[in-house]
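A short write-up of the structure that comes next.
Counting starts at 1 for both ligands and their atoms, following the listed order. Keep in mind that this is a model prediction, so the values were computed, not measured.
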Amino acid sequence: MTDLLTLDDVARAYVTRKGLLGRRSTVRAVDGVSLQVKAGETLGIVGESGSGKSTMGRIALGLERPNEGAVRFDGAPMPLAGTPEWRDARRRMQMVFQDPLAALDRRLPVLTQIIEPLAIHKIDTDPARAGLEALTAVGLSRDHGARFPHELSGGQRQRVVIARALMTAPDLLVCDEPVSALDVSIQAQVVNLLIDLQQRSGLGMMFISHDLRVVRQISTRVAVMYLGRIVEEGPAADVLRTPAHPYARALVSAAPAPGPRRTDRVILTGEPPNPAARPTGCAFHPRCPVAVARCRSEAPPLVPIASGRSAACHLITPFAKVAA
Ligand code: SF4
């Protein structure tokens with residue numbers, strides 16, 4: 001499979017100030033992240049609020065420029081936002097965000113909104129037919145197309161947003177918490193829809209979520225983020241079944257999972273991560289149940305720990321040493 005999207009050692013920092021005369025400080029929302037999304041696969045990005053997941057999604061779409069590192073889409077550097085080249089790339093990359101109501105215009109029937117991308121991207125096709133096909137593809141009918149957003153349920157609205165995203169036949173879909181505002185039973189339906197669409201069209205997906213149950217359902221690979229860095233990455237089945245990094249272990253053990261009730265739960269203590277106050281050394285050390293002295297002063301690099309799998313922890317033996 002070819003790499004559709006590549007982030008290479010990407011960093012994004014913001015300057016913040018506390019109050020009018022407060023001290024300026026730099027927050028590194030994303031810090032040295034490298035990843036790839038291939039055609040036909042879903043990369044799940046998980047982590048608590050403040051881990052940098054959403055910033056990564058915006059960088060992937062070219063909506064934010066990284067301060068460091070490079071972003072490539074389909075083998076070429078991501079064009080500058082607003083240029084014709086970027087608009088062309090954006091036609092091939094679409095997004096689905098958490099709140100479908102905010103993404104839709106309350107004053108327009110949904111079919112009108114679904115076909116908007118055809119005009120924006122000057123796609124020469126019959127809009128009425130293409131709109132109805134898109135409605136059908138997401139499990140909605142002509143009748144739904146005539147309604148206004150407030151006349152639909154939350155799940156139906158998210159289906160409308162997905163239908164609109166599909167109008168440009170994208171190669172990459174970036175989904176940022178796309179089902180977290182929906183009821184659990186509806187979440188499964190929307191996730192199954194995304195899986196079905198991916199299997200039919202072969203698009204690559206970046207699926208950002210704090211909900212491991214949902215990520216487990218849809219992801220091929222998973223990247224676990226903590227305070228702007230990837231701390232573990234690998235095949236979803238491996239990472240979510242036998243997480244290696246202490247933070248990934250805590251996240252997985254706290255998430256509901258199929259099968260018998262777990263007796264080895266790791267309870268995550270301490271404050272959730274604050275990007276403005278990154279601890280020294282391994283940023284997870286104040287909450288890590290197995291931290292050692294070295295963790296307070298030395299940041300562990302992300303290194304291979306098995307075939308296709310990496311982690312950043314002083315206590316995990318790198319793959320090369322295992323194999324030696
Ligand atoms: Fe815990 Fe240390 Fe590993 Fe960080 S490097 S996860 S603090 S053991």
Going by the 4.0 angstrom heavy-atom rule, the piece of Cys313 near ligand 1 is both
Around atom 1 (Fe) of ligand 1, find the nearest protein heavy atom and jot down its residue, atom name and distance. Cys288 SG, 2.3 Å
Check ligand 1 against Leu315 and write out every atom of the ligand that is under 4.0 Å from a heavy-atom position of the residue. 8 (S)
To the nearest 0.1 Å, how far is atom 5 (S) of ligand 1 from its closest protein heavy atom, and which atom is that? His314 N, 3.4 Å
Any ion pair linking Asp8 and Arg72 (charged N to carboxylate O, less than 4.0 Å)? no
Contact atoms of ligand 1, heavy-atom distance to His285 under 4.0 Å: 7 (S)
Among non-hydrogen protein atoms, atom 2 (Fe) of ligand 1 lies closest to Cys295 SG, 2.2 Å
Inspect the contact between Arg12 and Glu64 and indicate whether a charged nitrogen and a carboxylate oxygen are less than 4.0 angstrom apart. yes
Using only heavy-atom distances, determine whether the side chains of Ser219 and Thr42 contain a donor-acceptor pair under 3.5 Å. no
Lys/Arg-Asp/Glu bridge criterion (N-O < 4.0 Å) met for Glu232, Arg249: no
Any idea which part of His245 is under 4.0 Å from ligand 1, heavy-atom wise: side chain, backbone, both or neither? side chain
Arg142 atom CZ: more than 12 heavy-atom contacts under 6.0 Å: no
For a quick check under 3.5 Å, do Glu177 and His210 share a side-chain donor-acceptor pair by atom type? yes
Find all atoms of ligand 1 within a distance of less than 4.0 Å from any non-hydrogen atom belonging to Ala291, and give their numbers and elements. 7 (S)
How close does the nearest protein non-hydrogen atom get to atom 4 (Fe) of ligand 1, and which residue and atom is it? Cys282 SG, 2.4 Å
Please check if any side-chain donor atom of Gln36 sits under 3.5 Å from a side-chain acceptor atom of Arg221, or the reverse. no
